[in-house]
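Below, chain A is the first sequence line, B the second, and so on; all start at residue 1.
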Amino acid sequence: MQIKQRHNWNLTTSEAKIIQEELRKEVITEDRFEEPVKYVAGVDMGFEADGTISRAAVAVLSFPDLQLQEQSIAKRPTTFPYIPGFLSFREIPAVLDALQKINITPDIILCDGQGLAHPRRLGIACHLGVILDIPTIGVAKSWLIGDYEEVPQEKGSWKPLIHKDETIGAVLRTRENVKPLYVSSGHRISLPTAIDYVLQCSPKYRLPETTRIADKLASNR
DNA sequence: GCGACAG
DNA sequence: ATCTTGTCGC
């Protein structure tokens, strides 16, 4: 797929923060995409050589049957450190390289990390969504910000994630008796719809099939 | 100033 | 994220 360059990635954290504050204005948290959805993609990252090399993997699956249709891997030198709140500046460059090589444009991309559930409302899912102008969902394995009540153990139950009196996401149980996932809007999708797609992509395990497959690609060398 | 902190 | 075997619990 074709990707437009929105900004350069050689930045200081203060410059990155300014970009986040600009791009957050472009984030759309309503459902703006065509249905039925035919393809969903998962993105995951891995690192090599003490973290000096970034490795991004993309897996495109058919929906709703979740069969692998296309995959790609891209490597490039790591140029930005891991700083909570700035994950996208570390990971997106390699992700764009991997996406550039696929032929099927996914209808929705599930990202490894937060979307709106971010201090400045621009987690990696929002950032990637705005750059591509494609619907994205933030699916994080752990907490970054926000308060929430305990989530019932049953699969499908969830509680709103609240920050500054605003619902920024949901803490969702995708599997019984297992740690919940932190789901939030990335771009062009509402929270209820995002929860629905994450559940549909997670028929058996805690993590969505999209991220599970991308995960294997990213770790399998 | 202190504590928290996606991957 | 990454280093790493067996083991406890549903």
Measure the distance from [atom1] on [X] to [atom2] on [N] and round it to the nearest whole Å.
X	N	atom1	atom2	result
A/Leu144	B/dG7	CG	P	9 Å
A/Tyr148	B/dA4	OH	P	15 Å
A/Arg175	C/dC10	CZ	C1'	9 Å
A/Leu87	B/dA6	CG	C1'	6 Å
A/Leu172	B/dA6	CG	C1'	17 Å
A/Phe80	B/dA6	CZ	P	15 Å
A/Trp143	B/dA4	CH2	P	9 Å
A/Gln114	B/dA4	CD	C1'	14 Å

TODO: Specify whether A/Tyr197 and A/Phe63 have parallel, tilted or perpendicular ring planes, treating 30° as the upper limit for parallel and 60° as the lower limit for perpendicular.
DONE: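 The rings of A/Tyr197 and A/Phe63 sit tilted, inter-plane angle from 30° to 60°.
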Task: Geometric class of the A/Phe89/A/His7 ring pair [parallel <30°, tilted 30-60°, perpendicular >60°] - done: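 Ring orientation, 0 to 90° scale: tilted.
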Task: Note: A/Arg188-A/Asp133 ion pair, threshold 4.0 Å (strictly below) - done: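 Salt bridge: yes.
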Open item on the list: Just to be sure I follow the notation: if a pair is Watson-Crick (purine N1 to pyrimidine N3 plus N6-O4 or O6-N4) or a G-U wobble (N1-O2 and O6-N3), each under 3.5 Å, what dot-bracket string does DNA chain C give, with | for pairs to another strand?
Closed with: ..........
Would you say [N] has OP1 or OP2 under 4.0 Å from some side-chain N or O of [X]?
X	N	result
A/Ser88	B/dA6	no
A/Lys141	B/dA6	no
A/Tyr82	B/dA6	yes

Open item on the list: Taking the cut-offs as 6.0 angstrom to the six-membered ring centre and 45 degrees off its axis, would you call A/Arg175 and A/Tyr205 a cation-pi pair?
Closed with: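 No cation-pi geometry.
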Task: Closest nucleotide among C/dC10, B/dG7, B/dC5 to the A/Asn177 side chain - done: C/dC10
- [ ] Output the single nucleotide from C/dA1, C/dC10, B/dG7 whose closest atom is nearest the side chain of A/Phe47.
- [x] C/dA1
- [ ] Report yes or no: do A/Ser190 and A/Asp31 form a side-chain donor-acceptor pair below 3.5 Å?
- [x]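 Short answer, yes.
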Applying a 4.0 Å non-hydrogen cut-off, can you work out what [X] is touching in the nucleic acid: base, sugar-phosphate, or nothing?
X	answer
A/Phe86	base
A/Gly51	nothing
A/Ile124	base

Task: Point-to-point distance, once rounded to the nearest 0.5 Å, from CD1 of A/Ile3 to CG of A/Leu96 - done: 5.0 Å
Task: Candidate list A/His127, A/Gln114, A/His118, test side chain to side chain donor-acceptor pair (under 3.5 Å), partner A/Ser88, passing option - done: A/His127
